[in-house]
Novice: 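Mind looking over this structure? Questions follow.
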There are 4 protein chains.
Amino acid sequence: MEFKDNEPIYVQIAALVCEKIIIGQWPTGQRIPSVRDLGVELEVNPNTVMRAYDFLQTLEVLYNKRGVGLFVADDAVEKVKAHRKQEFVAQYIPEFFKQLFLLDIPMEEIARQYEAFKKEQESTKIKT
Amino acid sequence: MEFKDNEPIYVQIAALVCEKIIIGQWPTGQRIPSVRDLGVELEVNPNTVMRAYDFLQTLEVLYNKRGVGLFVADDAVEKVKAHRKQEFVAQYIPEFFKQLFLLDIPMEEIARQYEAFKKEQESTKIKT
Amino acid sequence: MEFKDNEPIYVQIAALVCEKIIIGQWPTGQRIPSVRDLGVELEVNPNTVMRAYDFLQTLEVLYNKRGVGLFVADDAVEKVKAHRKQEFVAQYIPEFFKQLFLLDIPMEEIARQYEAFKKEQESTKIKT
Amino acid sequence: MEFKDNEPIYVQIAALVCEKIIIGQWPTGQRIPSVRDLGVELEVNPNTVMRAYDFLQTLEVLYNKRGVGLFVADDAVEKVKAHRKQEFVAQYIPEFFKQLFLLDIPMEEIARQYEAFKKEQESTKIKT
DNA sequence: GTGGTCTAGACCACC
DNA sequence: GTGGTCTAGACCACA
């Protein structure tokens, strides 16, 4: 897998995991891939995967059954959503509005583009 | 001034300068503060300001009269807007849409909040 | 049963067994549950129980009658108490005092809380 | 420096830093040793020091001036004390009481030992 | 097998 | 100079 280089890899992995949890690909209560396995799959060092898992453990999205593996917490989906939403509202939105305002981009255009984006998403979802 | 810590300070300073140019606070053709002065004002190392200015010179938003100082280019406003818009559309928007989609936030809510934001901006503009 | 995750499970099981011996729930000379039975009861791997039993055998708190099972040693209570007390004084107390000192917690408060704790213990003991 | 081997080194380093902050050896607002320097002093890898510093940054006890170094937060002392006290009450105290109760150790003995401990502490303090 | 800790060494952006 | 990221590889306790 290819990563953006303006953000640490482990952060991107954490985000990836969160998405898998949100969309239900890694269900609640289930064991997730070991750091070694995911490391091989993503072509990164197991330590890097661990750092991502570590972060999600402090968020209590994952928990550890020792000697067994890491598992998705029961309320992981809500926690992830809450965390992401908070970040979104606190950081993304203000910056977004500022840019829109300074660049004189009408909200209608954004809304139109978003409709197109949503359609695209749903069509790709069906394929998967 | 306090800076966000998820972005290099010099980038934030460059953005600040761009905004001053867009809103006309630093008009085209006019000399801008020295790195030392702005460094003192923002409480950062002059080198950091220098780096921001350098960056804007490569974008040809600022130009250098040797021994005199840095000046705002004639077509600075258009250049800045073009650059920012390109960045905004290419990087910001896709990520923004993705979050909106994953978190099930309706576009209508965003639009509503933006109206409030615009009103606030205009009222503070008058004060300044 | 749920275990603390800052200590190996087998150590916690060993401690649990010791307590049962101290309070007389598992009297001296008596056979104790098999690793399988206790494993089922505590919802852990039998191997983990085995490890706890092994540890207590090296302490000579338990002894093995081959083909029959594990039994509580005759002087188990004294041995356990001696062992625990030694550990308590050597490791726990110094750390405890250090914390108390750094955090400016008066000994009187601790003593008061302990009285409350004792009362609670005795009242629950009656119920059981 | 020598570390206990029943606890990760980085945790012990974090605790060490906290103590230095509490007793005022590393005052509020002041820069602390670089990861490299402290690594040399404690004879551990800089990465290990960093992990300790990292942890204290998430607790907002330390903060980062980028390219400059790490600094002790303004309210570091209170934060550290609050954090330690909470841990102390939630984990240490219950275990402490339980042991005292099971081992029939009178509170008076503990209190007496603590007095001795305090005197020793204060006499060593004078030397330093 | 699992996660976790630690080291050594490299590279980076930032100030 | 600073912190931060990443890798490779070793070792460990735990289950």
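Chain letters run A, B, ... following the sequence lines, proteins first, then strands; residues in each count from 1.
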Novice: When the distance from CG of L56(A) to P of dG4(E) is rounded to whole Å, what number comes out?
Specialist: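 The answer, rounded to whole Å, is 12 Å.
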Novice: Aromatic rings F55(B) and H83(B): how do their planes relate, parallel, tilted or perpendicular, breaks at 30° and 60°?
Specialist: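 Geometry flag for H83(B) against F55(B): perpendicular rings.
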Novice: When you measure from the side-chain N and O atoms of Q57(D) to the phosphate of dG3(F), is any distance below 4.0 Å, counting only OP1 and OP2?
Specialist: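 No, outside the criterion.
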Novice: For I32(D) and dG3(F), what is the distance between atoms CD1 and C1' respectively, to the nearest whole Å?
Specialist: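 It works out to 11 Å between those atoms.
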Novice: Whole-Å distance between dT2(E) C1' and Y63(A) OH?
Specialist: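 Spelled out: OH on Y63(A) to C1' on dT2(E) is 15 Å.
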Novice: Check whether any side-chain heavy atom of T28(D) lies under 4.5 Å from a side-chain heavy atom of D75(D), and answer yes or no.
Specialist: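 T28(D) vs D75(D): side chains apart.
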Novice: Heavy atoms under 4.0 Å is the rule here; annotate nucleotides 6-15 of chain E 5' to 3' with B where the base is hit, S where only the sugar-phosphate is, and - elsewhere.
Specialist: BBBB----BB
Novice: Rounding to an integer number of Å, can you tell me how far L38(D) CG sits from dG3(F) C1'?
Specialist: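 After rounding, the gap between these two atoms is 14 Å.
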Novice: I'd like to know whether NZ of K4(C) has more than 12 heavy-atom contacts from other residues, nucleotides or ligands below 6.0 angstrom.
Specialist: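 It does: K4(C) NZ has more than 12 such atoms within range.
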Novice: Check E19(D) with R84(D), please: is the shortest side-chain N to carboxylate O separation under 4.0 Å?
Specialist: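 The answer is yes: the pair qualifies as a salt bridge.
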Novice: With a cut-off of 6.0 Å (strictly less than), are more than 12 heavy atoms of other residues, nucleotides or ligands near CG of D5(D)?
Specialist: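 Not buried by this count: 12 neighbours or fewer within 6.0 Å.
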Novice: Defining pairs by Watson-Crick or G-U wobble geometry with both distances under 3.5 Å, how would you list the stems of DNA chain F with at least three pairs each?
Specialist: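 Output for stems: E:1-14 with F:1-14.
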Novice: Can you check the Q12(C) CD to dC14(F) C1' distance for me, whole Å?
Specialist: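 Spelled out: CD on Q12(C) to C1' on dC14(F) is 12 Å.
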Novice: Say whether Q91(A) and E95(A), considering side chains only, have a donor N or O and an acceptor N or O under 3.5 Å apart.
Specialist: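 Side-chain D/A pair, Q91(A) to E95(A): absent.
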Novice: Given Y10(B), which partner from the list T48(B), V44(B), N45(B) fulfils the side chain to side chain contact (heavy atoms under 4.5 Å, CB included) test?
Specialist: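 Exactly one candidate clears the test, T48(B).
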Novice: Measure from CG on D5(C) to C1' on dA15(F) and round the result to the nearest Å.
Specialist: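 Distance, rounded to whole Å: 15 Å.
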Novice: Y53(A) OH to dT5(E) P: how many Å, rounded?
Specialist: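 Spelled out: OH on Y53(A) to P on dT5(E) is 17 Å.
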Novice: Roughly how many Å is it from CG in L70(A) to P in dG1(E), rounded to a whole number?
Specialist: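 Nearest whole value for this atom pair: 17 Å.
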Novice: List the steps and the verdict of side chain to side chain contact (heavy atoms under 4.5 Å, CB included) for Q57(A) and Y63(A).
Specialist: CA-CA 6 Å; Q57(A) 269 184 283; Y63(A) 68 92; 5.7 Å; no
Novice: Between D37(A) and M50(A), who's closer to the 5' end of DNA chain E by nearest nucleotide?
Specialist: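 Closer to the 5' end of DNA chain E: D37(A).
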Novice: May I ask you to check whether F88(C) and Y92(C) place their ring centers less than 6.0 Å from one another?
Specialist: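 Centroid separation for F88(C) and Y92(C): below 6.0 Å.
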